Amino acid sequence: MARSNDEVAALFQEYADLIAITGGDAFKARVYEKAARAIGGHHADVGTLDAKGLQEIPGVGRSIAEKVVEYFRDGRVSAVEELRAKIPAGVRQLTAIPTLGPKKALVLHEELGISSVDELADAIRAERLRDLKGFGPRTEENILHGIELLQSSGDRVLLDVALDLAEETVAGLARVTGCRRCTYAGSLRRYRETIGDIDVLAAAERPAPVMRAFTGLPYVTEVIAHGDKKTSVRTSKGLAIDLRVVPPDSWGAALLYFTGSKTHNIRVREIAVRQRLKLSEYGLFDVESGEKVVSATEEDVYARLGLPWIEPTLREDRGEIEAGQRGELPDLVTESDIRGDLHTHTDLTDGLAPLEEMVRAAAERGYAYYAITDHGPDLYMQRMTDERMLAQRDQVRQLDGAYGKQGKRGGMRLLHGVELNIAPDGGVDWPDDFLAGFDLCVASVHSHFNQGREALTRRIVRACENPYVNVIGHPTTRIIGKRPGIDADLDQVFAACARTGTALEINAHPDRLDLRDEDILRARRHGVRFAIDSDAHATLHLAHMRYGVGTAQRGWLTKEDVINAWPLTRLRRFLDKGRRGRRSAA
DNA sequence: GCCGTTTTCGGCCCGACTGTTTTCAGTCG
């Protein structure tokens with residue numbers, strides 16, 4: 001179920017689109033877009049705010065606040081209804097076709113009565129667009145191609161797929177003579193969970209050789225646009241890559257600009273405008289004289305605007321600019337802060353590698369501690385028994401400290417854990433006395449995803465209340481692009497975690513990234529602690545940690561928030577979860 | 001429709017590329 005903030009955000013985004021399609025004031029459309037984003041990202045439920053409280057959200061004034069109030073009072077907003085009556089929903093969908101924006105969509109609707117993607121495809125085949133002003137043969141071709149992309153994949157790809165391709169492309173271009181610098185930027189540098197297209201930035205005095213090398217890459221199948229400063233291609237996987245080449249002196253301004261996000265950039269430029277400066281990808285310029293002020297590094301540009309350097313993972317206009325101005329940016333957790341992995345598997349259950357191989361691979365990553373957490377018996381296909389689990393524990397104790405930098409004494413410490421299954425009623429695989437033998441317990445939902453909101457919420461809260469459950473694994477169970485997260489009341493879950501001393505996992509597998517960044521931001525406000533885990537089922541998966549850390553950064557987490565960035569003694573106190581007190585009281 | 005470190009009115013981010021155009025509108029990021 002969508003949060004009411006998301007409902008209102010979607011409504012205003014639709015209203016903005018409809019204003020643009022009906023040829024309304026472009027500035028007005030932009031204001032509604034901005035308000036939609038601000039409301040979608042606002043921490044408090046807008047359904048609980050009055051007009052005054054609503055107007056404290058930046059970008060929300062009297063008129064928009066009234067519309068929010070109207071929405072919760074009447075279930076509808078009359079201004080939106082009026083535009084909906086004029087423009088069929090299908091016309092708005094036309095603007096989802098690449099190269100087709102609101103202006104062309106309006107012409108198609110007004111002149112030809114087209115109000116769906118299918119009707120548009122038919123009209124092109126029937127050559128009905130031929131007489132329209134502004135529509136030539138290439139436009140027809142581009143629209144048909146765009147429809148094809150939209151209907152086939154056209155989708156965003158997972159972070160790891162995009163990162164592999166980007167790193168290969170950067171390596172290829174960096175070798176070109178005259179290429180002074182090259183890196184990927186865009187949503188990839190911000191570690192967004194999915195990537196629409198890859199942005200690559202290069203610095204060179206003469207762009208032509210770099211551009212030529214780019215279009216000549218073996219996996220490039222189509223050149224979408226080809227210019228002096230910018231070239232766009234599509235690869236064999238259907239993913240688009242944009243390359244921008246700038247003069248070396250513009251590197252910092254260009255990197256800032258192409259890293260985005262769009263809304264972050266707009267905010268930064270507004271700050272520039274207020275200081276009579278103009279920021280573009282070529283530098284920060286004095287408006288009066290036209291002279292360049294700074295451009296060489298991102299730090300230079302931010303500093304001239306009164307801001308510290310802002311981590312790319314924060315650049316989403318979620319308050320990072322204000323925090324920067326106040327000098328209150330978080331000191332984000334990094335991959336090198338991570339001292340261990342708390343959720344991993346071996347071939348005792350569904351992992352691929354034996355215990356010793358996993359332990360050795362973990363030690364090579366430089367971890368101070370490492371937890372083995374195979375599945376419990378409730379996932380019956382895993383054939384777990386008490387005996388097998390206890391035999392593994394003996395093995396784990398023997399390997400404890402055997403691998404790592406400084407031999408036995410300073411070696412990597414091993415924790416014997418388990419990934420429990422949270423049953424539909426919130427129970428787990430074993431009774432307390434058996435659970436007491438583990439160093440830590442991760443507990444996760446693996447089935448019965450459609451129980452209904454109240455039952456799911458109760459189920460997870462009950463797992464948190466189990467004194468032996470330390471971490472809720474992949475809390476929403478979503479698989480990106482394949483399975484939506486379960487419909488639990490996450491705010492209740494977050495409160496339960498904070499109250500009981502249960503950590504929430506940030507599962508680093510690129511298919512999951514669960515919790516997601518927005519939920520992390522909300523959970524953090526409840527005072528929840530987090531565990532960033534690879535959930536590795538093979539030695540190579542241990543390296544997924546970077547995606548989990550990127551996601552944690554997008555949730556503004558510091559190493560203080562992340563239990564596996566803590567020293568082992570502090571981690572053990574957290575894992576104890578007050579059990580010692582319980583035992584002595586009993 | 002929102003907003004204010006020259007403004008309560010008059011601004012509102014900036015540039016590249018394409019396609020249909022003989023100077024520019026539309027789209028995109």
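Residue numbering restarts at 1 for every chain, and letters A, B, ... go by the order of the sequence lines. Just so it is clear, the structure is predicted and the values come from calculations on it, not from any experiment.
In this structure, A/D197 reaches the sugar-phosphate backbone alone: every heavy-atom distance under 4.0 Å involves primed, P, OP1 or OP2 atoms, never a base. Among the heavy atoms of the strands lying under 4.0 Å from A/R276 is at least one base atom, whether or not backbone atoms are also near. Residue A/K278 is in sugar-phosphate contact alone, with no base atom involved, counting any heavy-atom pair closer than 4.0 Å across all strands shown. Residue A/K262 is in base contact, counting any heavy-atom pair closer than 4.0 Å across all strands shown. Here A/E270 lies in heavy-atom contact (under 4.0 Å) with sugar-phosphate atoms only. Looking at heavy-atom distances under 4.0 Å, A/I97 makes contact with sugar-phosphate atoms alone, never a base.
With hydrogens and angles ignored, no donor-acceptor pair closer than 3.5 Å exists between the side chain of A/Y15 and the base of B/dG1.
For B/dT5 and B/dC13, the P atoms lie 16 Å apart once the distance is rounded to whole Å. When the C1' atom is used for both B/dT23 and B/dC17, the distance is 16 Å, rounded to whole Å. Distance noted for atom P between B/dC14 and B/dC9: 25 Å (whole Å). With both ends at atom C1', the span from B/dT27 to B/dT20 equals 14 Å, rounded to whole Å. Taking atom C1' on both nucleotides, B/dC2 is separated from B/dT8 by 12 Å, rounded to a whole Å.
Distance from the side chain of A/D199 is smallest for B/dG29 among the nucleotides B/dT27, B/dG29, B/dG1. Candidate nucleotides B/dT20, B/dT6, B/dA16 were compared by shortest atom distance to the side chain of A/P137, and B/dT20 ranks first. Nearest nucleotide to the A/N142 side chain, out of B/dT18, B/dG1, B/dT5: B/dT18. Comparing atom distances between the A/K230 side chain and each of B/dA16, B/dT27, B/dC2 picks out B/dA16 as nearest. The side chain of A/K104 has B/dT27 as its nearest neighbour among B/dG1, B/dT27, B/dT6. Side chain of A/V273, nearest nucleotide from B/dT27, B/dC14, B/dC2: B/dC14. When each of B/dC17, B/dT27, B/dG1 is scored by its nearest atom to the side-chain atoms of A/K229, the top-ranked nucleotide is B/dC17. Of the candidate nucleotides B/dT20, B/dG29, B/dA16, B/dT20 has the atom lying nearest to any side-chain atom of A/T139. Looking at the side chain of A/Y32, the nearest of the listed nucleotides B/dC13, B/dG15, B/dG1 is B/dG1. Taking every side-chain heavy atom of A/A225 into account, B/dT18 is the closest of B/dT20, B/dT18, B/dT6.
Of the nucleotides present, B/dG26 is the one that pairs with B/dC17 by Watson-Crick or G-U wobble criteria, both distances under 3.5 Å.
Heavy-atom nearest nucleotides on DNA chain B were determined for A/A65 and for A/K133, and the one closer to the 5' end corresponds to A/A65. When the nearest nucleotides of DNA chain B are assigned to A/G136 and A/I57 by heavy-atom distance, the more 5′-ward of the two goes with A/I57.
Between A/Y547 and A/Y191, the angle of the ring planes lies from 30° to 60°, which puts this pair in the tilted group. A perpendicular orientation is assigned to the rings of A/Y32 and A/Y15, their planes being inclined by more than 60° (bins at 30° and 60°).
Between the CZ atom of A/F258 and the P atom of B/dC28 there is a distance of 17 Å, given to the nearest Å. Following rounding to the nearest Å, A/L94 (CG) and B/dG26 (C1') show an atom-to-atom distance of 15 Å. Between the P atom of B/dT7 and the CZ atom of A/R274 lies a distance of 14 Å, rounded to the nearest Å. Atom CG in A/D131 sits about 15 Å away from atom C1' in B/dT20, given to the nearest Å. If you take CG of A/L277 and P of B/dC13, they are 15 Å apart, rounded to a whole angstrom. Rounding to whole angstrom units, CD of residue A/E33 and C1' of B/dG29 are separated by 13 Å. We find that CZ of A/R192 is positioned 12 Å from P of B/dG29, with the value rounded to whole Å.
Residue A/R138 has a polar side-chain atom (N or O) positioned under 4.0 Å from OP1 or OP2 of B/dG19. For the pair A/Y282 and B/dA16, the criterion of a side-chain N or O lying under 4.0 Å from OP1 or OP2 is met.
With a 4.5 Å cut-off on side-chain heavy atoms, A/W251 and A/T183 count as touching. Side chains of A/L120 and A/L94 form a contact here, defined as non-hydrogen atoms less than 4.5 Å apart.
In this view, A/E70 satisfies the salt bridge (Lys or Arg N to Asp or Glu O under 4.0 Å) rule with no residue, not counting sequence neighbours.
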(request) Report the C-alpha distance between A/R483 and A/R512 in whole Å, list the side-chain angles of each, state the deciding distance to 0.1 Å, and finish with yes or no for side-chain contact (heavy atoms from CB on, under 4.5 Å). (result) CA-CA 10 Å; A/R483 183 169 77 205; A/R512 291 192 184 267; 4.1 Å; yes

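When atom types are taken as modelled, the side chain of A/E110 and the backbone of A/V107 share no donor-acceptor pair closer than 3.5 angstrom.
Side-chain contact of A/T139 with A/N142: a donor-acceptor pair under 3.5 Å is absent, judged by distance alone.
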